[in-house]
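The structure appears right after this line, and notes come after that.
Residue numbering restarts at 1 for every chain, and letters A, B, ... go by the order of the sequence lines. Nothing here was measured: the structure is a model prediction, and the numbers come from that model.
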Protein chains: 2
Amino acid sequence: MDKILFLLGLIRNADMYGYQINELLDSHFDIIVSITRPTAYRLLNKMTADGWISFREEQIGNRPPRKVFSITPKGEDAFQKILRQSLVNYSPSQQSSAVSLAFLRTLPADELLPLLTERRRLVQELLRKLGEGEQHQGDFHLLFEHQRQHFETELTWTEDMIARVQAESLG
Amino acid sequence: MDKILFLLGLIRNADMYGYQINELLDSHFDIIVSITRPTAYRLLNKMTADGWISFREEQIGNRPPRKVFSITPKGEDAFQKILRQSLVNYSPSQQSSAVSLAFLRTLPADELLPLLTERRRLVQELLRKLGEGEQHQGDFHLLFEHQRQHFETELTWTEDMIARVQAESLG
DNA sequence: GGAGACATGTAAAGGGTTACATGATTTG
DNA sequence: CAAATCATGTAACCCTTTACATGTCTCC
């Protein structure tokens, strides 16, 4: 449902064609929502079939024609409804990558430290990438801000963990 | 892969049967990993087929017999491998419920406030539930601690948002 | 004797990903 | 003229969820 909400929200913000949406997803939003190309096209087609969005064909020169989607009144209703539902239906984050943290302690310190350091690097990279995206997408500012705070929490956690493991291996 | 890692880690910690695992998942770990009953059984069967775990049947009285699973050497290898991979493969949290935050601003303040307040209540409830679980599952202490920090980030964010919206609607 | 806990699953349907397919156009 | 970009999708496969199925035991 979150994928549909996001796509619908994008189109609601400004008319868009599939390729353009996929570009956006790949370049900036992959940090926040994971929607692959085929899924995006499938959902766009589904929403068209359901009458939530409609499209006009646009062609520039001899390029393959684009389907430029706009939201319909029915789609606007759906958007409003899903948005309200979704705001209240908070469910825990289910970070698949968090499960491994449960079993950290099975690894010896000398193996653990490089792994945690690499993990920290990844989080830092994501934070950097988030910063880039933030500048381009003023409309989605809140979403980026929210994600940033979670990344920062993750970074702090990882750094604390590294410090703890180091302290133990020295002591 | 995280579901398998978790199940494998549970069994590695102590021999367990399916029902028991599902009870644990339902009562304490649903906040952290989402594995439904059928999925748990399927994965247990799959890991058995792959030789990662083995089971002995145990029967008490005339009750339906239990399959008590233990990890095999092959399973231990898999566990070690997946754990290392998974620690380093950090990927963004993909909270499905976060997407809606992008479109907060489409709602008028008088509708937004109750929704946000309800969302805050949900987060607080999850924090409380996490506290209960923490006492029972000392082995998974790190995982709970990690999740707690993300919940607290979420709570802070939500409270800030509520304050912001209130300030705006007053000013 | 009925409700709820104990114990294991299957079936159907939906949703997502990876890899594949197609063809024109611009850029180096 | 080759490579990347533009533009849209399909097919096969895998994974997950919801609902269904089955039967015993214990407690009230």
Distance, nearest 0.5 Å, that separates OG1 of Thr106(B) from CZ of Arg84(A): 7.5 Å

Any Tyr41(A) side-chain nitrogen or oxygen under 4.0 Å from OP1 or OP2 of dG9(D): no

Protein-nucleotide distance (Asn45(A), atom CG; dT10(D), atom P), rounded to Å: 7 Å

Below 4.0 Å: OP1/OP2 of dT8(C) and any side-chain N or O of Tyr19(B): no

Sugar-phosphate, base or nothing in reach of Gln59(A), heavy atoms under 4.0 Å: nothing

Nearest-Å distance for atom pair CG/P, residues Leu44(A) and dT10(D): 12 Å

Any donor-acceptor N/O pair, Thr158(A) side chain to Arg120(A) backbone, under 3.5 Å: no

Value in whole Å for how far the P atom of dT16(D) lies from CG of Leu7(B): 10 Å

Touch class at under 4.0 angstrom, heavy-atom based, for Glu58(A) against every strand present: nothing

Aromatic plane relationship, Phe6(A) with Phe103(B) - under 30° parallel, 30 to 60° tilted, over 60° perpendicular: tilted

Mutual orientation of the aromatic rings belonging to Phe144(A) and Phe29(A) [parallel < 30°, tilted 30-60°, perpendicular > 60°]: tilted

Nearest-angstrom distance from the residue atom CZ of Arg66(A) to P of dA24(C): 18 Å

Whole-Å gap separating C1' (dT8(C)) and CD (Glu57(B)): 10 Å

Glu23(A) CD - dA4(D) P separation (whole Å): 15 Å

Test item: Thr39(B) side-chain N/O and Ile35(B) main-chain N/O as donor-acceptor pair under 3.5 Å: no

Test log, rule side-chain contact (heavy atoms from CB on, under 4.5 Å), inputs Lys3(A) and Arg42(A): CA-CA 11 Å; Lys3(A) 307 195 184 202; Arg42(A) 191 174 46 80; over 6 Å; no

Separation of atom CZ in Arg56(A) from atom P in dT8(D), rounded to whole Å: 13 Å

Produce the list of close N/O pairs, under 3.5 Å, pairing protein atoms with atoms of nucleotides 14-17 of chain C; give distances to one decimal.
residue : atom : partner  : partner atom : Å
dG16(C) : OP2  : Arg42(A) : NH2          : 2.9
dT17(C) : OP2  : Thr36(A) : OG1          : 2.9
dT17(C) : OP2  : Thr39(A) : OG1          : 2.9

Atom-to-atom span, CG of Asp26(B) to C1' of dA7(C) - whole angstrom: 14 Å

Whichever of Phe69(B) and Arg63(B) has its nearest DNA chain C nucleotide further upstream toward 5': Arg63(B)

Modelled atom types, side-chain donor and acceptor of Glu154(B) and His150(A), under 3.5 Å: yes

